[in-house]
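Each chain gets a letter, A, B and so on, in the order the sequences are listed, and its residues count up from 1. Note that this is a predicted model, so its numbers are computed, not measured.
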Amino acid sequence: MIPQETRRPYIKVFILLGVFTLIEVFVATSPLAKFTQVIFLMALAVSKALLVAMYYMHLRYDDRRLILIAASPLILASALMLVLQPLVSYGR
Amino acid sequence: MERSEAIHPTEPWPGVTHRKLGTWLFLVTEIMLFSGLIGTYLAVRSAGGLNWPSTAEILGVNLAAINTFILIMSSVTMVLSFASIEQGKRAGLVRNLLFTTLLGLTFLGIKVREWSELLHEGYAPNNSLFAATYFTLTGFHAAHVAGGILVILFVMTKALRGGYSAEDHEGVELVGLYWHFVDIVWIFLFTIIYLI
């Protein structure tokens, strides 16, 4: 059972998620260079995903092996992105 | 009640039941599904270059941002429903499951509105690669949201009949895992489709 005190971060995490979403919209509509925008936006998206995974999906409190299982497809997904890259040059 | 450190027949690891492990393994397959979809979208969009329409310009970012916030709120109500039944509060469980369902339906309603707007602008899957990829990505996600709502309704029905308690509520946690995963997918879809 998850300890009682871990209930408190739920609302704090929600506020953080809301703030990050607002920052994302601000960054996307700002005059920053595209590359800079992409870096900021992906960093914010990953941060939001990690917050949801660690606190709402309780990975922070569960067995470490679940984190390994949850993270494993990220390696496969990265490989998939690399494999799909030839499609980019094929279309040009 | 403290969990025993001994491994029970239903637990491959201490504190992790077979059902929970199975749910995580299912989510791994779902991550691969969306990785394939998103990866293909990125490759096709990169090949499209500067000719690729801007989703933000066609549909606007504000409504999608509100929809993102709605789905995040549904994640909060979902985790609060779990927190409620952890303390044996059945009313809190049912109330938060209901809020989660309503927020999920609101998300789908806004999504349907966006689809209608896109079709009205002349972007259809059969005449635009942009529309084909947009409808595929958001359609798959919406289908997952709809499926999640059905499961949440099932859990809510069981909760109304007193099917969960402070000692036995794993079903709530497992449906929560799926729902939070759906939220995470949308976090990335929102960023990749609307903002970048």
B:M32-A:I67 co-clustered via ILVMFWY side chain contacts under 4.5 Å:
no
In terms of heavy-atom pairs under 4.5 Å, which option from B:V79, B:V61, B:L21 contacts chain A the most?
B:V79
Group every Ile, Leu, Val, Met, Phe, Trp and Tyr by side-chain heavy-atom contacts under 4.5 Å, then state whether B:L189 and A:L74 land in the same group.
no
OG (B:S75) and CG (A:L17) are apart, to the nearest 0.5 Å, by 8.0 Å
Hey, does A:K48 have a side-chain heavy atom less than 4.5 Å from the side chain of B:F188?
no
How many angstroms lie between atom CD1 of B:I184 and atom OH of A:Y56, to the nearest 0.5 angstrom?
11.5 Å
Taking non-hydrogen atoms and a cut-off under 4.5 angstrom, which of residues 99-110 of chain B neighbour chain A?
none
Are the side chains of B:L195 and A:Q37 in touch, meaning some heavy atoms are under 4.5 Å apart?
no
May I ask you to check whether over 12 heavy atoms, not counting those of B:R113, lie within 6.0 Å of atom CZ?
no
Under 6.0 Å from the CZ atom of B:F26, do we count more than 12 heavy atoms belonging to anything else shown?
yes
When heavy-atom pairs shorter than 4.5 Å are enumerated against chain B, which of A:L66, A:L80, A:T29, A:L50 gives the highest number?
A:L66
With a 4.5 Å limit on heavy-atom distance, are the side chains of B:T68 and A:E24 in contact?
no
When every non-hydrogen atom of B:D183 is compared with those of A:V52, the smallest separation belongs to OD2-CG2, 4.0 Å
If you measure from CD1 on A:I69 to CG on B:L25, what distance do you get to the nearest 0.5 Å?
5.5 Å
Ignoring hydrogens, what is the shortest heavy-atom contact between B:A65 and A:V25? Give both atom names and the distance.
CB-CG2, 3.8 Å
Here the pair of heavy atoms bringing A:A70 nearest to B:I31 is O-CD1, 4.2 Å
Report, in residue-number order, which members of residues 117-138 of chain B are under 4.5 Å from chain A by heavy-atom distance.
none
If I measure from the heavy atoms of chain B, does A:V27 come under 4.5 Å with its side chain, its backbone, both, or neither?
neither
Look up atom CG in A:L51 and atom NE2 in B:H180, then write down how far apart they are to the nearest 0.5 Å.
13.0 Å
Hey, quick one: are A:I15 and A:V13 part of the same hydrophobic cluster, counting side-chain heavy atoms closer than 4.5 Å, chains of contacts allowed?
yes
Are B:V185 and B:V151 connected, step by step, through hydrophobic side chains (Ile, Leu, Val, Met, Phe, Trp, Tyr) whose heavy atoms are closer than 4.5 Å?
yes
Against chain A, label B:F181 side chain, backbone, both or neither, depending on which of its atoms sit under 4.5 Å from a heavy atom there.
both
What part of B:L27 gets within 4.5 angstrom of chain A, counting heavy atoms only: side chain, backbone, both, or neither?
side chain
Between A:L76 and chain B, which part of the residue has a heavy atom less than 4.5 Å away: side chain, backbone, both or neither?
both
Taking the six-membered ring for Trp and the single ring otherwise, decide whether the centroids of A:F14 and B:F69 are under 6.0 Å apart.
yes
Do A:M42 and B:T191 touch side chain to side chain, with heavy atoms closer than 4.5 Å?
yes
Against chain A, label B:M78 side chain, backbone, both or neither, depending on which of its atoms sit under 4.5 Å from a heavy atom there.
neither
How close do A:L59 and B:W24 get, counting heavy atoms only, and between which atoms?
CD2-CZ2, 3.6 Å
To the nearest 0.5 Å, what is the distance between CZ (B:F190) and CG (A:L41)?
9.0 Å
Hphob cluster co-occupancy, A:L22 + B:I66, side-chain heavy atoms under 4.5 angstrom
no
